[in-house]
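Some notes on the structure that comes next.
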Amino acid sequence: MKYKTLKGLQDILPPDILIWQHIETISRDIFKIYGYQEIRLPILESTDIFIRSIGETSDIVEKEMYTFQDKGGRSITLRPEGTASFVRAYVEHHLYNNAVPQKYYYMGPMFRYERPQAYRYRQFYQIGAEAMGIEDPKLDAELISMLARILNGAGLENLNFEITSIGCKHCRPAYKNALKNFLQSKLNGFCGDCQRRFEINPLRILDCKVPDCIASRHGSPPVIDYLCEECKGHFDGLKHYLKMLRVPHTINPNLVRGLDYYTKTAFEVTSESLGSQKAVAAGGRYDGLVNEFGGPPAPGIGFAIGMERIVPLIKDSLKKSEYPDLFICPIGPEESEEALILAEQLRENGLWIEINYDKSSLKSQMRKAGRLGARNVIVLGEDELKKREVVVKDMMSGTEVKTSIDIQELIKAIKA
RNA sequence: GUGAGUGUAGCUCAGCCGGUUAGAGCAUCUGACUGUGGCUCAGAGGGUCGGGGGUUCGAAUCCCCUCACUCACCCCA
């Protein structure tokens, strides 16, 4: 085969697309009742937008971005995530001047140059939400509740909601130091990756799955003990409100985010039904990012759902296609033209009509109608045109009803 | 970037201790039934056996290289 999709990219075809549409519809419905409005952002951005927000030493920036030069010599990057572009737009259009909270959602493709794997693609789709301008943890709780509502509404079950607080620019450095002090002496007991992490991002050691590392880090100081007054209060508030709203969740102090801009609240939703890439959605608060982009010190919080990771968790029963209301079998060339006209007239009334285009035996036309799953069939022959009468055959029951060739009469017979 | 596994028809796969023209099921198309589908039966189309090289009288089968896909590490939605 000569041409195929690039590595890590995929075509999404029927009937799978029906599940995608289902998820999108549910999401839009729920965003609406929470007051989130859609925004559409460019897929390309200036490279420094991502470096600035995601962090220079993050894996995404270091080795996963699709970056190239445009014809003007500018460095351009296909967005690896949505929040950076969103914040750029938020500042660029002064959206912070709108009444708070400002709430937006988006759906679209993201790109990361990674080795493809189950549920991990180089072009992948996210549904994201961002809520701006409110610091109160009630908003955090509400956002997480909305996320739960979307995922449950889409038909997902057995999800784990994990939350934590990773502190802010005031308390995180102290924690990082405490953690490094604790790990320093035991460094030899850790895997090579963790030894590297010790320098780059020691928090990530908490997330390592190597048994020796889990043992070696046992007894390490939890982030939560190092939160400053403000962060602690915020986290306590979040826990309280989540409980109040009955959003099932667990506290996971080892939860680590790969992006630099997160502050305070961080959360992740996982499913045990997936492979090793089991995070179906994740998000957190980013109170410093807008300011970083040249806007006012506006707080923000958001999440992103990974489409490819929730699609396989949704029942195949939703893949049931719809079927044509009527298939028209013309017998000769004259009838064939008549069928073309009749089909258009019926479509005016919102019916899905299929006709047979080439000349083939009635047998073969019927077979085609059956294969398409057409609800009804009519045969157009010399007799029918002469008498202006057709027989509408119900393909499920096999029953036949004689009807005059009149649009309203036909519709009545088809819908019966 | 690292490791392992898999590449034969549109799909799922058999064939792989080398041996004529490479098979099955499903799917597609046609006919039996000149104007009525599904069931049944008969038939047809569809293959560079991932690609290249080597061993051999002879390679889908054995060896080497390569490419692609898959899963896992890493990382993350």
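Residue numbers begin at 1 in each chain, while the letters A, B, ... track the order of the sequences. Hydrogens, waters and symmetry mates are skipped; everything else that's a heavy atom, side chains included, is used.
Comparing the P positions of B:A22 and B:A59 gives an interatomic distance of 13 Å, to the nearest angstrom. Nucleotides B:G23 and B:G3 place their C1' atoms 36 Å apart, quoted to the nearest Å. Separating the P atom of B:C13 from that of B:C71 is a span of 14 Å, rounded to the nearest Å. Taking the P atoms as reference points, B:C26 lies 26 Å from B:C49, given to the whole Å. Taking atom C1' in both B:C62 and B:U40, one finds a spacing of 46 Å when rounded to whole Å. With P as the reference atom, B:C69 and B:C11 are 15 Å apart, rounded to whole Å. If you take atom C1' in B:U8 and the same atom in B:A72, they sit 27 Å apart, rounded to whole Å. Between B:C16 and B:G7, the two C1' atoms lie 14 Å apart (nearest whole Å).
Judged purely by distance below 3.5 Å, without hydrogens or angles, the side chains of A:Glu292 and A:Ser53 never pair a donor atom with an acceptor atom. Judged purely by distance below 3.5 Å, without hydrogens or angles, the side chains of A:Thr399 and A:Asp394 never pair a donor atom with an acceptor atom. Side-chain contact of A:Gln123 with A:Tyr125: a donor-acceptor pair under 3.5 Å is present, judged by distance alone.
The heavy-atom pair separating A:Tyr121 from A:Gly8 by the smallest distance is CB-O, 3.3 Å.
The stretch residues 379-389 of chain A touches RNA chain B through A:Val379, A:Gly381, A:Glu382, A:Asp383, A:Glu384, each having a heavy atom within less than 4.0 Å of the strand.
In a base pair of the Watson-Crick type (N1 to N3 plus N6-O4 or O6-N4) or a G-U wobble (N1-O2 and O6-N3), with each distance short of 3.5 Å, B:C73 is matched with B:G1.
Taking atom CD1 of residue A:Ile378 and atom C1' of nucleotide B:G37, one finds them 16 Å apart after rounding to whole Å. When rounded to the nearest whole Å, the span between NZ of A:Lys368 and P of B:A27 equals 18 Å. In this entry the distance linking CZ of A:Arg367 with P of B:C33 reads 13 Å, nearest Å. When rounded to the nearest whole Å, the span between CZ of A:Phe327 and C1' of B:G38 equals 15 Å.
Using cut-offs of 30° and 60° for the angle between ring planes, the A:Phe303 and A:Phe31 rings count as parallel.
A salt bridge links A:Arg74 with A:Asp70: the distance from a Lys NZ or Arg NE/NH1/NH2 to an Asp or Glu carboxylate oxygen falls below 4.0 Å.
Between A:Ser361 and the phosphate of B:C33, there is no side-chain N or O to OP1/OP2 separation shorter than 4.0 Å.
In this model, no side-chain donor or acceptor of A:Lys363 finds a partner on the base of B:G35 within 3.5 Å.
Every residue meeting the salt bridge (Lys or Arg N to Asp or Glu O under 4.0 Å) condition with A:Glu38, not counting sequence neighbours, appears here in chain and number order: A:Arg28, A:Arg40.
Summarising the local packing, CD of A:Glu337 is surrounded by 12 or fewer heavy atoms from other residues, nucleotides or ligands at distances under 6.0 Å. Within a 6.0 Å radius of CG in A:Asp225, more than 12 heavy atoms belonging to other residues, nucleotides or ligands are found.
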Quick one, give me the B/S/- string for nucleotides 65-77 of chain B, reading 5' to 3', where B means a protein heavy atom under 4.0 Å from the base and S means that only happens at the primed atoms, P, OP1 or OP2.
---SS-SBBBBBB
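If you find the closest nucleotide of RNA chain B to A:Tyr113 and to A:Glu400, the one lying nearer the 5' end belongs to A:Tyr113.
Between A:Pro109 and the options A:Leu9, A:Leu78, A:Ile43, a side chain to side chain contact (heavy atoms under 4.5 Å, CB included) holds for only A:Ile43.
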